[in-house]
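Here the structure is laid out as structure tokens; the discussion comes afterwards.
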Amino acid sequence: MSAIWLLKTEPDTFSIDDLRACPDGTSGWDGVRNYQARNRLRDEMCKGDTVLIYHSSCPQPAIVGEACVVSDPYPDPSQFDADSAGFDSRSSHDNPRWYQVDIRYVCSYAQPLLLKKLRQDEEFTHMELVLHPRLSVQKVAEREFQRIQQLCQPEDTSP
DNA sequence: GCCAACGTTGGC
DNA sequence: GCCAACGTTGGC
């Protein structure tokens with residue numbers, strides 16, 4: 001039983017179009033530096049899980065498309081790189097602190113689900129995005145996912 | 001282990 | 001750019 005996740009990103013830094021443009025549409029999801037998010041990513045994410053991409057800190061915050069998890073969790077290499085913004089001197093290869101997974105682009109939504117709209121829909125009243133908006137690795141319920149797909153209609157499923 | 005200070009996030 | 005919410009740090 002695969003899970004559904006929502007990952008937040010600032011489109012100025014790394015957008016869903018940037019993911020799409022990566023070789024094979026695949027990129028490491030690095031830079032998670034929050035323990036609750038880390039724990040979920042490291043302990044609960046599995047290859048094959050579904051990912052919703054959310055754009056934050058931008059003019060139109062929204063769920064903009066889908067990706068899928070294509071690796072098991074592994075240590076985020078940027079924590080060991082002194083020249084990287086993600087460097088953490090407390091991490092060691094024996095005892096890594098931060099983890100990531102690789103994700104692959106699946107689709108962009110024809111109609112992104114704007115945060116504004118999402119807040120207006122009763123189906124999402126108890127969604128983590130509404131209750132715990134700062135958490136960067138969020139769980140999405142199957143019902144919520146179905147409603148999102150209903151509202152957004154992936155571009156690549158036209159008959 | 002408490003808690004004040006401080007830093008970050010992110011919608012608006 | 002403001003500010004509320006909230007996570008992290010570090011002195012005690």
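Residue numbers start from 1 in every chain, and the chains themselves are labelled A, B, ... in the order their sequence lines are given, proteins ahead of strands. The figures that follow rest on heavy atoms only: side chains count, while hydrogens, waters and symmetry mates do not. Bear in mind that the values here come from a model prediction, so they are computed numbers and not experimental data.
With A:Val70 as the partner, the side-chain contact (heavy atoms from CB on, under 4.5 Å) test is satisfied by one option alone out of A:Thr26, A:Val101, A:Ile103, A:Val51: A:Thr26.
Considering every non-hydrogen atom in both A:Arg33 and A:Asp76, the closest pair reads NH1-OD2, 3.0 Å.
On the nucleic acid side, DNA chain C has its first and last nucleotide under 4.0 Å of a heavy atom of chain A at C:dA5 to C:dT9, going 5' to 3'.
Enclosure of atom CD in A:Glu122 is not indicated, since only 12 or fewer non-hydrogen atoms of other residues, nucleotides or ligands lie within 6.0 angstrom.
Pairs engaging residues 99-119 of chain A under the salt bridge (Lys or Arg N to Asp or Glu O under 4.0 Å) rule: A:Asp24-A:Arg104 [sequence neighbours left out].
No engagement by A:Arg97 is indicated, since no non-hydrogen atom pair under 4.0 Å with the nucleic acid exists.
A donor-acceptor pair shorter than 3.5 Å cannot be found between the side chains of A:Glu123 and A:Gln146.
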